[in-house]
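In this chain, residues are counted from 1 in sequence order.
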Amino acid sequence: MGIMGCIVNGPGEMADADSGYVGSGKGKINLYREKEVVKRNIPEADALEELIDLIKSDGEWIDP
């Protein structure tokens with residue numbers, strides 16, 4: 001499982017990751033599964049929780 005978040009360079013930077021998020025505007029992110037956007041304009045404060053939920057929905061999450 002590869003995860004990447006990129007606020008600066010966009011989806012091309014994380015194209016090889018399984019999941020990630022990319023800044024989409026001031027205080028907003030888009031959530032990706034590989035190269036596909038699965039959620040748009042998520043508040044930045046919710047980004048980590050949303051990413052974890054995506055990983056869990058794919059059955060890839062392992063509790064620390």
Original post:
Between Asn30 and Asn41, is there a donor-acceptor pair closer than 3.5 Å when you use the side chain of the first and the backbone of the second?
Top reply: yes
Original post:
What closest approach, in Å, do Ile55 and Ser19 show between heavy atoms, and which atom pair accounts for it?
Top reply: CG1-OG, 4.0 Å
Original post:
So do the side chains of Glu60 and Asp18 get within less than 4.5 Å of each other, counting heavy atoms only?
Top reply: no
[X] [atom1] to [Y] [atom2] distance, which is reported to the nearest 0.5 Å:
X	Y	atom1	atom2	value
Asp46	Glu44	CG	CD	10.0 Å
Arg33	Leu51	CZ	CG	11.0 Å
Glu50	Leu31	CD	CG	6.5 Å

Original post:
With sequence neighbours excluded, what pairs up with Leu48 under the side-chain contact (heavy atoms from CB on, under 4.5 Å) test?
Top reply: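 Expected list: Ile52.
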Original post:
In chain order, what residues pass the side-chain hydrogen bond (donor to acceptor under 3.5 Å, both in side chains) check against Asp53, with sequence neighbours excluded?
Top reply: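 side-chain hydrogen bond (donor to acceptor under 3.5 Å, both in side chains) list for Asp53, sorted by chain: empty.
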